[in-house]
A.B. asks: 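For reference, the structure I am asking about is given below.
Counting starts at 1 for both ligands and their atoms, in listed order. For clarity, every value in this text was computed on a predicted model and none was experimentally measured. We number each residue from 1, following the sequence as shown.
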Amino acid sequence: MTETTTLAQPLSRRLKTETQAAHEGLDSRIMESRPFASLDRYALFLGMQHQFHRDIQALYADPRLAHLVPDLAARCRLSMIEADLDDLDLQPSQTMPAVDLSDDLATRFGWLYVAEGSNLGAAFLIKEAAKLGLGEDFGARHLAASPEGRGRQWKTFQAALDDADFDEAGEARVIAGAVAAFQRVQRLAEDAFAA
Ligand code: HEM
């Protein structure tokens, strides 16, 4: 190895770095809105989650992504969010028009990164939800770990990202997709907690 040789960072690492500020902004916006202060506040959070996961539902049925990401269909959490709404006698509402998802595989992978990564933060959120009497069997099903565990599920996803072998332009589109997804969730959070 010469002095000028640099090892390229894996895409999963680049994504984390490039979206860190967006994640921190979103995390603060949500937690400042005290989503676990009461069931009424939690309902706003659940509505936001529902809208985002409905936006991206098609990703989990995309055969091109399914070819790359193990157990893709089983990762979809929309039906769990619907069960959570049902537990709490809430109706799904759509306060913002659905997003127009790109057909581009790289862009879609970026959106999927945001949804799959959010399952890590859910380890913390489900503990907060427990203070409201909610959990993996009632009201906060969508925040539960998968049977294989959050860590393993995330590692498998990161490996799929890194093994997809996008070229530089493709990686840029994955990152742009992730940034767009974070912007979308940020807007949904602003909308849900506007009051
Ligand atoms: C509401 C408060 C939130 C908190 C407190 C939170 C917290 C966290 C924490 C602690 C991690 C890192 C876990 C680890 O490395 O083991 C994480 C990762 C992540 N979260 Fe959040 N999160 C929140 C909301 C969200 C939301 C709403 C989204 C997107 C919809 C999101 C997307 C992500 C992503 C993509 C990662 C993976 C970062 C990476 O390692 O590449 N988070 N979150």
Side-chain angles (χ1 to χ4, degrees), residues 9-38 41-60 65 69 72 75-78 80-81 84 96 98-99 101 106-132 134 139-146 148-164 166 171 174-194:
Q9 278 198 337
L11 178 55
S12 58
R13 176 73 71 82
R14 289 187 68 194
L15 274 165
K16 181 174 179 143
T17 310
E18 305 262 354
T19 60
Q20 198 154 358
H23 180 271
E24 280 169 16
L26 178 61
D27 173 347
S28 313
R29 180 66 181 87
I30 294 174
M31 294 320 285
E32 278 161 14
S33 306
R34 301 183 302 117
F36 304 102
S38 67
R41 303 297 298 167
Y42 179 73
L44 302 178
F45 170 74
L46 201 51
M48 179 200 104
Q49 293 283 70
H50 184 253
Q51 201 146 316
F52 178 55
H53 286 266
R54 190 167 47 186
D55 277 343
I56 58 165
Q57 181 179 15
L59 301 182
Y60 293 92
L65 284 168
V69 181
L72 181 68
R75 289 171 181 262
C76 183
R77 280 179 281 154
L78 183 62
M80 288 184 243
I81 297 173
D84 289 336
M96 285 174 67
V99 287
L101 277 180
T107 308
R108 286 183 158 222
F109 225 138
W111 279 77
L112 192 60
Y113 160 81
V114 175
E116 290 304 295
S118 72
N119 217 8
L120 292 177
F124 164 77
L125 301 182
I126 200 167
K127 290 190 186 132
E128 293 295 303
K131 296 175 190 164
L132 291 171
L134 309 175
R141 300 167 195 267
H142 79 285
L143 299 174
S146 68
E148 65 171 335
R150 296 183 206 274
R152 184 177 273 252
Q153 203 188 24
W154 180 236
K155 287 257 169 307
T156 321
F157 181 75
Q158 283 181 313
L161 259 174
D162 295 336
D163 292 347
F166 289 107
E171 289 206 358
V174 178
I175 292 168
V179 169
F182 267 116
Q183 284 169 349
R184 170 66 175 174
V185 184
Q186 182 79 30
R187 274 196 295 276
L188 292 173
E190 303 292 347
D191 184 64
F193 297 114

A.B. asks: Could you name the option among F157, Y113, F52, F36 that has the heavy atom nearest to atom 39 (C) of ligand 1?
C.D. replies: Y113

A.B. asks: Once you restrict to heavy atoms under 4.0 Å, what part of E116 touches ligand 1? Side chain, backbone, both or neither.
C.D. replies: neither

A.B. asks: Below a 4.0 angstrom heavy-atom separation, can you tell me which part of V114, side chain or backbone, both or neither, approaches ligand 1?
C.D. replies: both

A.B. asks: Quick one: nearest non-hydrogen protein atom to atom 27 (C) of ligand 1, plus distance?
C.D. replies: L26 CD2, 3.5 Å

A.B. asks: Show which atoms of ligand 1 fall inside a sub-4.0 Å distance from at least one heavy-atom site of K16.
C.D. replies: 39 (C), 40 (O), 41 (O)

A.B. asks: What verdict does the side chain to side chain contact (heavy atoms under 4.5 Å, CB included) test give for Q57 and L101, after you've listed the backbone C-alpha separation in whole Å, the side-chain angles of each residue and the deciding distance to 0.1 Å?
C.D. replies: CA-CA 10 Å; Q57 181 179 15; L101 277 180; over 6 Å; no

A.B. asks: Only heavy atoms of I30, strictly under 4.0 Å: list the atoms of ligand 1 that pass.
C.D. replies: 1 (C), 27 (C)

A.B. asks: Out of L120, D27, I56, indicate the one that has the non-hydrogen atom closest to atom 15 (O) of ligand 1.
C.D. replies: L120

A.B. asks: Could you check whether any heavy atom of L15 sits closer than 4.0 Å to an atom of ligand 1, since that is the contact criterion I want to use?
C.D. replies: no

A.B. asks: Under 4.5 Å between any side-chain heavy atoms of Q49 and D84, yes or no?
C.D. replies: no

A.B. asks: Search all heavy atoms of L143 against all heavy atoms of A122 and return the closest pair with its distance.
C.D. replies: O-CB, 3.6 Å

A.B. asks: Would you call K131-E128 a salt bridge at under 4.0 Å N-O?
C.D. replies: yes

A.B. asks: Please indicate, with yes or no, if any protein heavy atom is found under 4.0 Å from atom 10 (C) of ligand 1?
C.D. replies: no

A.B. asks: Using a 3.5 Å cut-off on N or O atoms only, is H23 in polar contact with ligand 1?
C.D. replies: yes

A.B. asks: Identify, by atom number and element, the atoms of ligand 1 in contact range of G117, meaning under 4.0 Å from any of its heavy atoms.
C.D. replies: 18 (C), 19 (C), 20 (N), 33 (C), 34 (C), 35 (C), 36 (C), 37 (C)

A.B. asks: For T17 and R13, test the side chains for any donor-to-acceptor distance below 3.5 angstrom and give the result as yes or no.
C.D. replies: no

